[in-house]
Amino acid sequence: MAKKVRVRFAPSPTGGLHLGGVRTVLYNYLFARQQGGDFVLRIEDTDQSRFVPGAEEYIINCLTWCGLKPDEGPHVGGEYGPYRQSERKSIYRQYAEHLVQTGHAYYAFDRPEELESMRERFKTPENPSPQYDHKVRLEMRNSCSLTFEETETLLEDGVPHVIRIRMPENETVSFTDMIRGEVSFHTGLVDDKVLLKADGMPTYHLAVVVDDYLMKITHAFRGEEWLPSAPVHVLLWKYLGWESDMPQWAHLPLILKPDGNGKLSKRDGDRLGFPVFAMNWKDPKTNDLTTGFRELGFLPEAFVNLLAMLGWNDGTAQELFTLEELVEKFSIDRVHKGGAKFDYEKAKWFNHEWIKKLPVAHYRDQVKTILESKGIVITDEAFLDKALHMVKDRCTLLTDFYEQSKFLFETPQQLDLEAVKPKWNADKKAFFEAAASAMMASADWKGADQEAAFKALATEKNIKPGELMMPLRIMLVGGKFGPGVFDIAELIGKEETVKRIHAALQQL
RNA sequence: GCCGCGUUCGUCUAAGGGUUAGGACACCACCCUUUCACGGUGGUGAUACGGGUUCGAAUCCCGUACGCGGUACCA
């Protein structure tokens with residue numbers, strides 16, 4: 001019987017959740033759902049100096065907004081907890097010690113200054129960043145270079161130390177990546193990575209292996225930036241005796257900045273004017289607020305959709321997918337190897353498509369909140385729905401609903417009279433007074449009827465109807481945009497329409 | 001420097017030995033619309049370079065270039 005599929009997303013709680021992070025979650029989630037497996041959230045908070053309060057809760061909120069809820073995690077529990085590495089601190093040491101015992105790791109007592117001086121000593125133009133590896137191992141202060149007794153004494157005296165992996169001098173480590181195929185590395189070129197830090201916390205390298213094993217992870221998706229350290233992880237699985245349980249690896253391509261190359265960063269977003277984080281993130285230290293996709297007016301459906309397409313497609317021309325469709329159609333073989341530049345214009349296109357596609361009721365509450373935050377008073381939900389439906393085609397972001405619909409809720413204060421004045425005259429003024437009176441007198445109120453009557457009156461007064469449409473629009477809307485004027489008139493009602501015409505006439 | 005990974009229109013991508021190299025975003029033009037959008041039609045625009053292999057290469061192989069990632073007691 002095949003093992004149950006289990007995947008994990010393992011962020012470190014250091015700040016806002018980045019686009020690339022969400023895509024990693026997404027691919028994990030899609031794979032797990034499709035295979036009927038479990039999706040685990042594990043918080044990798046082993047670096048106390050980088051810990052940011054609130055970041056974990058923020059990450060969970062982002063996942064919830066995107067609809068990518070973990071089956072297990074610090075917030076929901078599960079049988080493989082705890083799910084925060086800081087709370088698992090006590091379990092890592094034994095594995096590191098075991099590696100020392102079996103000769104695959106060693107104690108190192110070097111102080112930061114000593115490491116620094118080693119790097120200075122071996123630095124050459126050809127080798128600008130010397131590594132702590134088999135070439136210098138014996139020249140450093142560690143249990144390889146010291147005698148057994150010396151090492152014991154240092155340990156007993158409580159001298160701060162780390163545990164490093166002893167990378168073999170001349171082996172080849174290879175594994176099959178689900179996206180890249182066979183990848184191999186020469187162990188002699190990889191450094192002796194620290195496994196357990198002086199503070200007793202594991203580094204990522206030890207923690208990821210131990211936890212993936214203990215949590216029975218079967219498939220590990222992570223960013224391409226981890227590929228160079230993969231041989232360390234593969235060796236650790238082997239040295240710990242768990243080789244047959246090693247997950248299948250998948251190193252995802254990076255999401256690149258739109259201009260030039262390189263990994264997309266928060267700075268690029270600030271610089272180029274688009275969001276990088278899923279939701280608003282407020283740095284608790286600096287109080288800086290970074291705007292997220294959600295607050296900018298993105299629908300989670302669109303956000304997830306556009307991320308899925310950044311590095312994957314189903315081989316057809318289809319670009320719009322629901323989460324359910326993605327679960328059904330996702331396949332790792334179709335994930336690209338190369339990185340993809342992020343295109344904000346295309347991102348907005350996705351959102352626009354989703355606004356048009358989804359029923360108004362789906363995002364009514366969010367838009368209502370946006371409108372109310374701008375001071376619009378909404379009392380009639382049915383009216384709100386009609387208004388949203390009327391303008392949805394011209395809104396790219398949810399926040400666009402404000403500019404596109406505010407004149408449906410309140411009388412425009414600023415009228416673009418310059419669009420009317422040049423061709424304005426007494427005849428037109430008289431026409432509008434007559435038209436307003438006729439409207440007041442009409443028994444029922446249908447846009448189409450009013451349009452017919454309006455045009456008939458224009459013909460009667462010898463004015464081309466076309467010359468009156470723009471003035472009417474300005475009177476009702478305030479500007480040169482919006483849905484059909486008579487549709488607007490029908491929605492806002494007879495009294496309001498006439499009131500706006502009179503108000504405008506005062507200014508002309 | 002070293003190691004690893006990558007490279008099709010400006011961008012996201014399809015095409016896994018035989019296509020006028022297809023689609024989408026953006027851009028341009030026209031149509032629709034007595035507004036702005038939506039929508040429709042059409043257009044500009046790509047296989048990094050050099051060698052092989054083959055009747056035939058975007059596709060397979062080898063180089064080169066370029067880019068990115070890593071080279072921390074960060075993840």
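A quick note: this is a predicted structure, and the numbers were derived from the prediction, not measured. Just so it is clear, the values below take in all heavy atoms, side chains as well, and ignore hydrogens, waters and symmetry mates.
- Nucleotide B:A65: paired with B:U7 (Watson-Crick or G-U wobble, both distances less than 3.5 Å).
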Please tabulate the protein-to-nucleotide N/O contacts below 3.5 Å involving nucleotides 60-67 of chain B, giving atom names and distances.
unit_1: B:G67; atom_1: O2'; unit_2: A:N261; atom_2: ND2; d: 3.3

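- The glycosidic torsion of B:C38 lies within 90° of 0, placing the base in the syn range.
- Here the separation of B:C28 from B:C5, taken at their C1' atoms, is 38 Å to the nearest Å.
- The structure places CD of A:E169 at 9.5 Å from NZ of A:K135, a figure rounded to the nearest 0.5 Å.
- Residues passing the ring pair (Phe, Tyr, Trp, His ring centres under 6.0 Å) test with A:W349: none are found, sequence neighbours excluded.
- The side chain to side chain contact (heavy atoms under 4.5 Å, CB included) check on A:D487 picks up A:M390, with sequence neighbours excluded.
- A gap of 13 Å separates the C1' atoms of B:G6 and B:A48, to the nearest Å.
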Protein proximity profile, nucleotides 70-75 of chain B - base contact B, sugar-phosphate-only contact S, no contact -, cut-off 4.0 Å on heavy atoms: SBSBBB
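- For A:Y106, there are no ring pair (Phe, Tyr, Trp, His ring centres under 6.0 Å) partners at least two apart in sequence or on another chain.
- A:K346 places none of its side-chain heavy atoms less than 4.5 Å from the side chain of A:M309.
- The stretch residues 456-472 of chain A comes close to RNA chain B through A:P465, A:G466, A:M469, A:M470, each having a heavy atom under 4.0 Å from the strand.
- Atom NZ in A:K357 sits about 18 Å away from atom P in B:C38, given to the nearest Å.
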Full working for ring pair (Phe, Tyr, Trp, His ring centres under 6.0 Å) between A:Y132 and A:F122: CA-CA 10 Å; A:Y132 196 125; A:F122 291 98; over 10 Å; no
Hey, can you pull the donor-acceptor pairs under 3.5 Å for the side chains in residues 471-485 of chain A, sequence neighbours left out?
unit_1: A:R473; atom_1: NH1; unit_2: A:F481; atom_2: O; d: 2.6
unit_1: A:R473; atom_1: NH1; unit_2: A:G482; atom_2: O; d: 3.4
unit_1: A:R473; atom_1: NH1; unit_2: A:P483; atom_2: O; d: 3.2
unit_1: A:R473; atom_1: NH2; unit_2: A:P483; atom_2: O; d: 2.9

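- Between A:E97 and A:R93 there is a salt bridge, since a side-chain N of the basic residue sits under 4.0 Å from a carboxylate O of the acidic one.
- Panel note: side chain A:H336, backbone A:G338; no donor-acceptor pair is recorded below 3.5 Å.
- Among residues two or more places apart in sequence or in another chain, the side chain to side chain contact (heavy atoms under 4.5 Å, CB included) test is passed with A:V52 by A:A55, A:W281, A:P284.
- For the contact set between residues 177-186 of chain A and RNA chain B, defined by any heavy atom under 4.0 Å, the members are A:R180, A:V183, A:S184, A:F185.
- One can place NZ of A:K348 at 14 Å from C1' of B:U11, the figure rounded to the nearest angstrom.
- Looking at residues 386-399 of chain A, you'll see A:D393, A:R394 sit with a heavy atom under 4.0 Å from some atom of RNA chain B.
- The shortest distance between side-chain heavy atoms of A:R164 and A:R137 does not fall below 4.5 Å.
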Report, one pair per line, the protein and nucleotides 39-45 of chain B atoms (nitrogen or oxygen only) whose separation is under 3.5 Å.
unit_1: B:G39; atom_1: OP1; unit_2: A:K356; atom_2: NZ; d: 2.9

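- Between A:K423 and A:E467 there is no salt bridge, since no side-chain N of the basic residue sits under 4.0 Å from a carboxylate O of the acidic one.
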Would you tabulate the side-chain donor-acceptor contacts of residues 396-403 of chain A under 3.5 Å, counting partners in other chains and residues two or more places apart, or write 'none'?
unit_1: A:T399; atom_1: OG1; unit_2: A:L296; atom_2: O; d: 3.1
unit_1: A:D400; atom_1: OD2; unit_2: A:T396; atom_2: N; d: 2.9
unit_1: A:D400; atom_1: OD2; unit_2: A:L397; atom_2: N; d: 2.9

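- For B:G23 and B:G50, the P atoms lie 27 Å apart once the distance is rounded to whole Å.
- For A:H352, taking side-chain heavy atoms from C-beta onward, the closest of the listed nucleotides B:G23, B:C36, B:C38 is B:C38.
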